[in-house]
Amino acid sequence: MKTGERPDSLLAGLNAAQRQAVTTTEGPLLVLAGAGTGKTRVITHRVAYLLRMGVPTEAIAAVTFTNKAAREMRERVVALAGRGSKGITLSTFHSLGVRLLRAEAAAIGYRPGFNIYDTADQLSLIKTILLDIRGATTSLDPKAVLASISRAKNRFQLPEDLIEEASDDWEHVVARCYDRYQSDLRNMNCVDFDDLLLLPVLCLEKHAEIGAKYRRRFRYLLVDEYQDTNGVQYRFLRLLVGPERNLCVVGDDDQSIYGFRGAEVDKILRFERDFPGTTVVKLEDNYRSTASILNLANSVIESNVTRHKKRLRSTQGQGEVVLWITTPDGAAEVDHVIRQVLNLIERERVPSNSIAILIRAAAQARPFEEKLRLRRIPYTLIGGQSYFDRKEIRDVLAYWMAAANPRDDVSLLRILNVPRRGIGTATARKLDELARESRISLLEAVSLAAGASGGFSPALRTALSHVSDLFGRAQQLLEARQFSRAARQLLEEAHYREAVDELYQEPTARQARWNAVEDLLRAVTEWERENPGAEFADFLEALALTKGETADDTRNEKKHHGLTILTLHSAKGLEFPHVFLVGVEEDTLPHRKSVEEGDAAVEEERRLLYVGVTRARETLTLTQAETRTLYGQPRARLPSRFLLEVEQSGHLRRAAYDPGEEATENDVQEFLELYRRMREP
DNA sequence: CAAAACTGCCTTTTT
DNA sequence: GGCAGTTTTG
């Protein structure tokens with residue numbers, strides 16, 4: 001903490017509402033922070049303010065949803081309050097959950113070294129279970145079963161609750177799967193992402209003294225993006241709130257766009273009822289966008305019924321009117337947008353990374369990418385395949401997880417025959433049976449089968465003992481805390497490179513894949529050096545919790561190359577001077593599935609449009625095509641109902657698509673020259 | 001056990 | 001139209 005400075009000095013430059021949000025430190029506080037109203041500023045200043053008022057660092061916990069938000073917040077708090085503020089708890093819901101779980105695992109029958117499963121691991125386990133209880137002929141969709149289980153977990157329903165409630169065949173199957181799934185996870189000492197919240201809640205509820213311990217510690221709680229809180233997170237929070245009820249939540253119900261992941265908008269809508277005596281502060285002064293853009297945003301969101309009433313006010317000028325462009329087809333839409341982009345860059349001298357193309361679904365990016373590549377215009381696509389979705393990375397992690405936790409059957413099963421060792425599905429099933437009968441882990445079954453001749457051929461037994469020895473040696477090294485050595489040696493002895501070579505015949509692809517593996521190996525070495533005393537499980541945890549992030553932390557705008565293409569979901573929290581929101585059509589925005597789901601889902605789609613509109617600082621163009629080739633078929637398309645809703649508001653100007661001329665080769669050259677100069681200051 | 005042929009889908013995705 | 005996941009075939 002910077003000493004000798006009065007708390008008041010922190011308030012300079014804040015508006016009245018922001019000040020109130022910062023200085024109302026005691027009791028429940030709801031900050032409704034519209035888009036672009038300085039939300040992050042309020043949170044960071046509030047933390048700094050608490051510290052200056054003498055609140056000890058360890059009493060403060062600020063919770064966010066993303067690692068990136070947590071990182072950013074930490075940086076800004078440190079910048080404001082000095083290095084002494086590093087000790088505050090500033091993490092995501094999930095990492096707070098893991099921390100609690102590692103500390104208190106024993107209280108609920110887990111051991112601290114548990115592995116964390118991602119969706120692919122979960123799915124693999126579900127498939128095994130389905131096979132087991134319904135046989136090979138089942139037509140049940142494992143993904144649907146998993147989705148049901150996850151939904152139940154996010155609503156804080158336990159297997160026994162589902163078993164009790166089940167009324168039809170499907171519900172019975174789901175309930176049985178859930179029950180098996182959860183007990184398998186526990187036997188394997190593994191948890192899934194939902195467990196990172198669910199298990200801490202169970203732990204705190206079951207053990208009053210543990211709950212009391214954390215409540216005594218965290219006297220000031222702060223939650224960012226509260227509108228995205230799901231049922232379990234809410235319960236977690238309630239358990240952490242102490243008698244002083246110093247809970248401050250910041251959010252915007254109009255930006256709740258993760259309902260499909262279990263976020264419940266009503267949590268922010270009924271906060272005042274949950275915490276009587278709540279102070280409500282509305283931040284409505286928007287420092288980001290022009291009045292034209294905000295007028296449209298306000299008109300769009302007014303059609304939603306379930307929301308806190310508020311209106312964004314612009315602190316900027318009127319700005320240019322928002323355009324609504326109708327094009328005859330998808331190709332013309334692409335052409336129009338690209339031409340406007342070139343216009344901005346060449347005539348207006350706008351840096352290309354201040355332009356964004358917003359899409360509803362990832363698949364919409366393709367035609368834009370193709371054209372941009374053709375014209376050699378640099379761009380960055382945000383989202384897309386995560387580094388950790390790549391097969392080779394998943395394989396390597398499976399090796400390490402299986403070594404770190406010998407009971408992790410799912411991970412072992414994944415790499416049992418990678419590279420090919422002649423241990424096929426039939427053998428795997430036999431091993432699984434053996435493990436189940438003898439109540440041992442899959443790895444133990446492997447070494448058992450390698451020894452005794454229980455129906456396994458000599459060749460197979462050689463392969464099995466190879467696998468068994470491999471992990472035996474790796475475990476010894478891990479126990480000796482030789483983490484990076486264990487990690488490397490395991491892959492070498494497993495001849496994992498052969499698997500990569502076999503899978504990728506093409507030399508460049510092969511090299512790229514192997515480089516990714518080496519990156520990961522380097523990451524272990526580096527991590528080991530930087531975190532002396534930490535466990536290997538901590539390294540795996542760090543990877544598991546940051547899996548969503550793409551290789552080159554793409555959300556960092558400053559690093560961006562050229563213009564940005566991104567989905568509306570990944571655009572939340574970002575801003576761009578110039579925005580093109582494309583495909584504003586029925587069946588796309590709102591998406592057909594949402595329309596089928598009903599009004600609540602359509603309201604979420606409307607919020608999605610609202611989020612998109614409020615990303616723009618200076619200019620905004622909405623485009624929509626009359627026909628479009630979808631799934632190989634040309635189809636007629638209608639403008640989005642959301643456009644029709646605001647058509648009469650006067651905040652949109654319909655402009656015709658002007659076919660004009662394609663940009664000439666000359667234009668392209670000119671652009672490239674310009675771009676090169678801008679990148680070399 | 002692995003390659004070839006075939007089917008069915010086709011939203012978003014912070015951890 | 002394209003991909004991933006599955007079934008069929010050698």
Side-chain angles (χ1 to χ4, degrees), chain A residues 63-72 91-98 116-119 122-123 127 136-137 139 141-143 147 150 153-154 191-198 224-225 227-230 232-233 255-263 358-367 382-386 388-389 391 417 420-428 459-460 502-503 541-550 555 566-574 583 587-597 601 604-605 607-609 611-612 628-635:
Chain A
V63 186
T64 64
F65 278 79
T66 66
N67 295 304
K68 185 181 175 248
R71 265 200 306 273
E72 263 174 25
S91 68
T92 63
F93 265 110
H94 288 82
S95 58
L96 187 64
V98 188
I116 301 170
Y117 277 6
D118 68 6
T119 318
Q122 291 177 284
L123 217 49
K127 282 178 187 163
T137 56
S139 59
D141 175 10
K143 279 193 185 132
S150 182
K153 285 183 155 189
N154 282 319
V191 301
D192 65 18
F193 270 109
D194 299 327
D195 286 338
L196 297 181
L197 304 167
L198 185 71
D224 189 19
E225 304 279 14
Q227 76 280 357
D228 294 332
T229 320
N230 71 28
V232 180
Q233 286 162 332
Q255 292 186 72
S256 168
I257 54 174
Y258 283 100
F260 69 94
R261 280 187 71 100
L358 264 46
I359 54 185
R360 167 72 243 262
Q364 287 169 263
R366 197 176 241 169
I382 295 191
Q385 207 192 16
S386 156
F388 290 96
D389 283 336
K391 196 182 172 323
N417 199 29
R420 278 208 312 270
R421 308 184 170 101
I423 310 173
T425 45
T427 310
L460 205 46
E502 194 179 350
L503 212 56
E541 171 194 309
L543 288 182
L545 292 182
T546 54
K547 269 183 184 175
E549 294 173 26
T550 36
R555 288 176 65 115
L566 71 177
T567 65
L568 290 166
H569 283 88
S570 42
K572 191 167 79 161
L574 303 179
D587 292 355
T588 299
L589 184 67
H591 195 274
R592 203 185 82 238
K593 296 258 179 181
S594 298
V595 175
E596 284 164 8
E597 273 173 48
E604 180 151 318
E605 296 282 314
R607 291 195 288 270
L608 218 34
L609 173 59
V611 166
R628 195 182 280 286
T629 313
L630 284 175
Y631 318 127
Q633 299 292 308
R635 289 157 200 254

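Per chain, numbering begins at 1; letters A, B, ... match sequence-line order.
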Spacing of the P atoms in B:dT12 and C:dG5 (rounded, Å): 15 Å
Looking only at non-hydrogen atoms, find the nearest pair between A:Leu568 and A:Gly612 and report the distance. CD2-CA, 3.6 Å
Among all residues two or more places apart in sequence or in another chain, which pass the salt bridge (charged side-chain N to carboxylate O under 4.0 Å, His left out) test with A:Glu225? A:Lys39, A:Lys572
Which of these nucleotides, B:dT15, B:dC1, B:dT14, is closest to any side-chain atom of A:Phe65? B:dT14
To the nearest Å, how far apart are A:Leu630 CG and C:dG1 P? 13 Å
Closest-nucleotide 5' rank along DNA chain B - winner of A:Ala263 and A:Gly422: A:Gly422
Considering only heavy side-chain atoms of A:Ser570, the closest of B:dT13, B:dC1, B:dT15 is B:dT13
Could you tell me how far apart A:Arg635 (CZ) and C:dG1 (P) are, to the nearest whole angstrom? 12 Å
Scan nucleotides 6-11 of chain B against the protein and return all N/O pairs shorter than 3.5 Å with their distances rounded to 0.1 Å.
| residue | atom | partner | partner atom | Å |
| --- | --- | --- | --- | --- |
| B:dT11 | OP2 | A:His591 | NE2 | 3.1 |
| B:dT11 | O4' | A:His591 | NE2 | 3.2 |
| B:dT11 | O4 | A:Glu597 | OE2 | 3.3 |

Could you tell me which residues satisfy side chain to side chain donor-acceptor pair (under 3.5 Å) with A:Ser95, sequence neighbours excluded, listed by chain and number? A:Thr92
Shortest non-hydrogen separation from A:Ser150 to A:Asp194 and the atoms involved: OG-OD2, 2.8 Å
Between B:dT13 (C1') and A:Lys143 (NZ): distance, integer Å: 14 Å
Report the residues that fulfil side chain to side chain donor-acceptor pair (under 3.5 Å) with A:Thr588, sequence neighbours left out, ordered by chain and then residue number. A:Arg637
Starting at CG of A:Leu358 and ending at P of B:dT12, how long is that distance when rounded to a whole Å? 14 Å
Separation between NZ of A:Lys153 and CG of A:Leu196, rounded to the nearest 0.5 Å: 9.0 Å
Which nucleotides of DNA chain B pair, in dot-bracket form (Watson-Crick or G-U under 3.5 Å, | meaning another strand): ||||||||||.....
Interatomic distance at C1', B:dT14 relative to C:dC3, whole Å: 26 Å
Check whether any side-chain nitrogen or oxygen of A:Asn67 sits under 4.0 Å from OP1 or OP2 of B:dT14, and answer yes or no. no
Categorize A:Asp228 for me: base, sugar-phosphate, or nothing, with a 4.0 angstrom heavy-atom threshold over every strand shown. base
Under the ring-ring contact (aromatic ring centres under 6.0 Å, His included) test, which residues partner A:Tyr117, sequence neighbours left out? none
Sorted by chain and number, sequence neighbours left out, side chain to side chain donor-acceptor pair (under 3.5 Å) with A:Asn154 holds for A:Asn230
Atom-to-atom span, CZ of A:Phe193 to P of B:dT15 - whole angstrom: 8 Å
Sequence neighbours excluded, which residues qualify as salt bridge (charged side-chain N to carboxylate O under 4.0 Å, His left out) partners of A:Lys391? A:Asp395
By the 4.0 Å heavy-atom rule, please label A:Gly97 as base, sugar-phosphate, or nothing. nothing
Can you name the residues that form a side-chain contact (heavy atoms from CB on, under 4.5 Å) with A:Asp118, not counting sequence neighbours? A:Ala120, A:Asp121, A:Phe193, A:Arg394, A:Lys547
Can you check B:dT12 for me, syn or anti if syn means within 90° of 0? anti
What nucleic acid atoms does A:Arg366 come within less than 4.0 Å of, heavy atoms only: base, sugar-phosphate, or nothing? sugar-phosphate
Side-chain donor or acceptor of A:Arg261 under 3.5 Å from a matching atom on the base of B:dT12? no
Base, sugar-phosphate, or nothing: which does A:Ile359 touch, judged by heavy atoms less than 4.0 Å apart? nothing
Rounded to whole Å, CD of A:Glu72 lies from P of B:dT14 at a distance of 15 Å
The side chain of A:His569 lies closest to which of these nucleotides: B:dT13, B:dT15, B:dT14? B:dT13
Could you tell me how far apart A:Ile382 (CD1) and B:dT14 (P) are, to the nearest whole angstrom? 11 Å
The side chain of A:Tyr258 lies closest to which of these nucleotides: B:dT15, B:dT14, B:dC1? B:dT14
Between B:dT13, B:dC1, B:dT15, which nucleotide gets closest to the side-chain atoms of A:Thr66? B:dT15
What's the CZ-C1' distance between A:Arg607 and B:dT13, to the nearest Å? 16 Å
Using a cut-off of 4.0 Å on non-hydrogen atoms, how would the nucleic acid contact of A:Ala426 be classed: base, sugar-phosphate, or nothing? sugar-phosphate
Give me the atom names and distance for the closest heavy-atom approach of A:Asp228 to A:Gln255. OD1-O, 4.3 Å
